[in-house]
Amino acid sequence: MKRITALLASVVLALPPLVGAPGTAEATTHPYHAFCPGGLPSIGELTTRMTESLRLDSTGHRPLRGCVANPIQFLAAFRQGDPESEHLGDFAQMLRFLREDVERFEVDHSIEYYSSCVRGHSREADDVFMQCQPQRIAAGVQVFRDRITGRIVVKLDCVNPGLSPVAPPPCAFVVFRTTADDDVVNVGAMAATDITPQEEAACPIGVQGPLQNGAFTERAYRPLDQVRDEDCDFAAVASALQMRVHSRGCLRVTPGWYSVRVPVRFAHDASLRLVLCKTEHDGTTSCGMGVEPPEYHAQRDRKEVAIVWNSEAEARASSVRTNLWFRFEDCPQ
């Protein structure tokens with residue numbers, strides 16, 4: 001039992017790489033720098049230090065006092081973060097923009113934002129990176145936006161220009177583990193409301209596995225409707241749930257982990273449901289297990305993941321509270 005518990009703990013810790021796609025934030029693995037690591041108290045102080053730097057070096061290569069970045073890099077980041085602005089043509093326009101075109105703005109503190117940073121390799125514009133480590137903005141941090149375009153242009157705790165909200169992941173994932181050869185797992189995506197073409201394009205419903213080690217990859221998912229190792233019929237399930245069968249698949253499995261990818265709305269909307277059941281090699285069939293929104297849990301990379309365990313003992317040994325395991329008696333009504 002100790003070995004099983006340790007295995008399950010390691011699997012829970014490994015969930016982000018199990019279901020994740022390659023990351024997009026380059027700066028997560030590089031020691032990049034805030035524009036002004038200590039922050040500044042006001043936009044006025046930013047323009048004062050910008051003016052001071054340009055007076056000492058009109059080419060814009062001198063970093064602002066107390067900062068890592070110079071006017072060239074500030075201008076490059078403001079341009080990339082606010083591409084619709086017509087007031088960022090040169091240093092003089094940038095200073096006027098900061099004095100006249102920005103206003104205090106209250107951001108949504110529950111979501112993460114990318115901002116720019118500098119790599120520290122040179123003093124030129126190409127040293128700016130626009131998608132550094134995403135993070136939530138703490139209450140009380142001064143944030144300013146372009147009052148004309150609405151773009152968020154700078155936050156003063158680190159004075160990084162060009163803020164943009166991190167788009168939520170388009171997919172959620174249901175993972176399950178099998179321990180025997182020749183079992184059959186039926187997977188049905190049920191819907192009481194329409195799954196839009198946009199949702200399907202962003203996240204085609206698919207399955208992959210088995211996986212013993214490593215990570216699931218985006219390219220390895222097979223369309224669920226094309227996985228028909230056995231006949232499977234979800235008509236009775238659809239009738240009981242008062243939903244229709246959107247797609248279904250039937251997998252003859254071998255030991256290992258499997259992942260089912262669905263649009264992220266499955267993790268938040270009870271009108272969509274992924275249903276799984278397992279038939280063992282002796283013909284015994286489990287209850288149908290519907291994965292409801294509370295069973296999905298956000299991972300460190302913000303992906304929503306639910307786990308269907310192989311047995312109640314595995315589920316109880318996991319660090320995540322769940323009622324999802326393949327049951328062969330006392331089926332939920």
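- In the hydrophobic clustering of this structure, Ile148 does not group with Leu88; members are Ile, Leu, Val, Met, Phe, Trp, Tyr whose side-chain heavy atoms approach within less than 4.5 Å, directly or through other members.
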Exercise. Just do the side chain to side chain contact (heavy atoms under 4.5 Å, CB included) check on Met190 and Arg244 with the steps written out, would you?
Key: CA-CA 6 Å; Met190 321 300 293; Arg244 63 183 178 279; over 6 Å; no
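- Minimum interatomic distance between Leu324 and Gly290 (heavy atoms only, all atoms of both residues): CD2-O, 3.9 Å.
- Remark: Arg62 CZ is loosely packed, at most 12 non-hydrogen atoms of other residues, nucleotides or ligands lying under 6.0 Å away.
- In this structure, Cys277 and Cys287 have their SG atoms no less than 2.5 Å from one another.
- Between the side chains of Thr178 and Asp183, not a single donor N or O lies within less than 3.5 Å of an accepting N or O.
- Residues Pro37 and Gly66 share a closest heavy-atom pair of CD-O, 4.3 Å.
- Expressed to the nearest 0.5 Å, how far CD of Glu106 lies from CG of Asp108 amounts to 9.5 Å.
- The minimum heavy-atom distance between Ile43 and Leu98, with the atom names listed, is CG2-O, 3.3 Å.
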Quiz prompt | Verdict with supporting geometry, Tyr296 and Val291, side chain to side chain contact (heavy atoms under 4.5 Å, CB included) | solution = CA-CA 8 Å; Tyr296 291 86; Val291 184; 3.6 Å; yes
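- No more than 12 heavy atoms of other residues, nucleotides or ligands sit less than 6.0 Å from atom CZ of Arg219.
- Two residues are said to be in side-chain contact when any heavy atoms from C-beta on lie closer than 4.5 Å; Leu54 and Pro71 meet this criterion.
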Quiz item: Checking side chain to side chain contact (heavy atoms under 4.5 Å, CB included) for the pair Phe326/Leu276: CA distance, chi angles, key distance, verdict?
Solution: CA-CA 8 Å; Phe326 289 114; Leu276 301 91; 4.2 Å; yes
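- In this structure, CZ in Arg177 is found 7.5 Å from CH2 in Trp309, a value given to the nearest 0.5 Å.
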Practice problem: Report the C-alpha separation of His87 and Arg96 in whole Å, then their side-chain angles, then the decisive distance to 0.1 Å, and conclude whether the side chain to side chain contact (heavy atoms under 4.5 Å, CB included) test is met. | Solution: CA-CA 8 Å; His87 303 149; Arg96 188 162 54 249; over 6 Å; no
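- Between the side chains of Thr279 and Thr285, at least one donor N or O lies within less than 3.5 Å of an accepting N or O.
- Between His109 and Arg136 the shortest heavy-atom distance is O-CD, 3.4 Å.
- At least one side-chain heavy atom of Phe78 sits under 4.5 Å from a side-chain heavy atom of Met94.
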Quiz item: Can you list the steps and then say if Ser116 with Asn160 is a side-chain hydrogen bond (donor to acceptor under 3.5 Å, both in side chains)?
Solution: CA-CA 6 Å; Ser116 60; Asn160 290 349; 5.2 Å; no
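- Although no hydrogens or angles enter the test, the distance criterion places a donor-acceptor pair under 3.5 Å between the side chain of Asp127 and the main chain of Arg119.
- Both tests hold for Arg261 against Tyr221: distance to the six-membered ring centre under 6.0 Å, angle to the ring axis within 45°.
- Note that the SG atom of Cys117 and the NE2 atom of His33 stand 9.0 Å from one another [nearest 0.5 Å].
- Cysteines Cys158 and Cys36: SG-SG separation is not under 2.5 Å.
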Quiz item: Going through the distances and angles, do Thr59 and His61 end up as a side-chain hydrogen bond (donor to acceptor under 3.5 Å, both in side chains)?
Solution: CA-CA 6 Å; Thr59 69; His61 287 92; 2.8 Å; yes
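- Glu304 places no side-chain N or O within 3.5 Å of a backbone atom of Phe173 that could act as its donor or acceptor partner.
- For the atom pair Arg79 CZ and Ser85 OG, the distance stands at 10.0 Å (nearest 0.5 Å).
- Side-chain heavy atoms closer than 4.5 Å link hydrophobic residues (I, L, V, M, F, W, Y) into clusters, and following such links, possibly through other members, connects Tyr258 to Val187.
- Nearest heavy atoms, Val68 versus Gln73: O-OE1, 4.2 Å.
- For the residue pair Asn310 and Lys278, a side-chain donor N or O sits within less than 3.5 Å of a side-chain acceptor on the partner.
- Looking at Val305 and His297, their side chains never come closer than 4.5 Å, going by heavy atoms from C-beta outward.
- The CD atom of Glu52 lies 8.0 Å from the CG atom of Leu64; values are rounded to the nearest 0.5 Å.
- Val275 and Val185 sit in two unconnected hydrophobic clusters of ILVMFWY residues. Membership requires side-chain heavy atoms under 4.5 Å apart, directly or through other members.
- Looking at Leu251 and Val207, their side chains come closer than 4.5 Å, going by heavy atoms from C-beta outward.
- Counting non-hydrogen atoms of neighbouring residues, nucleotides and ligands closer than 6.0 angstrom, the CD atom of Glu84 exceeds 12 such neighbours.
- Side-chain contact between Pro263 and Ile205: present, with at least one pair of heavy atoms (C-beta onward) separated by less than 4.5 Å.
- Looking only at atom types and distance, the side chain of Thr193 has a donor-acceptor partner in the side chain of Arg265 under 3.5 Å away.
- Met50 and Val128 fall within a single hydrophobic cluster, where Ile, Leu, Val, Met, Phe, Trp and Tyr side chains are chained together by heavy-atom contacts under 4.5 Å.
- Val118 places none of its side-chain heavy atoms less than 4.5 Å from the side chain of Phe129.
- Inter-residue side-chain proximity for Ser247 and Leu224 is flagged as met; some heavy-atom pair is nearer than 4.5 Å.
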Exercise. Could you walk me through whether Phe74 and Phe35 pass the ring pair (Phe, Tyr, Trp, His ring centres under 6.0 Å) test, one step at a time?
Key: CA-CA 8 Å; Phe74 270 100; Phe35 274 56; 4.9 Å; yes
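- Put simply, CG on Asp225 and SG on Cys250 are 12.5 Å apart, with the number rounded to the nearest 0.5 Å.
- No more than 12 heavy-atom neighbours from other residues, nucleotides or ligands sit within 6.0 angstrom of CZ on Arg123.
- In this structure, Tyr113 and Ile152 have side chains that are in contact, with non-hydrogen atoms separated by less than 4.5 Å.
- When all heavy atoms of Ile72 and Ala125 are compared, the pair lying nearest together is CG2-N, 3.6 Å.
- Note on Val264: it does not cluster hydrophobically with Ile111, by side-chain heavy-atom contacts below 4.5 Å among ILVMFWY residues.
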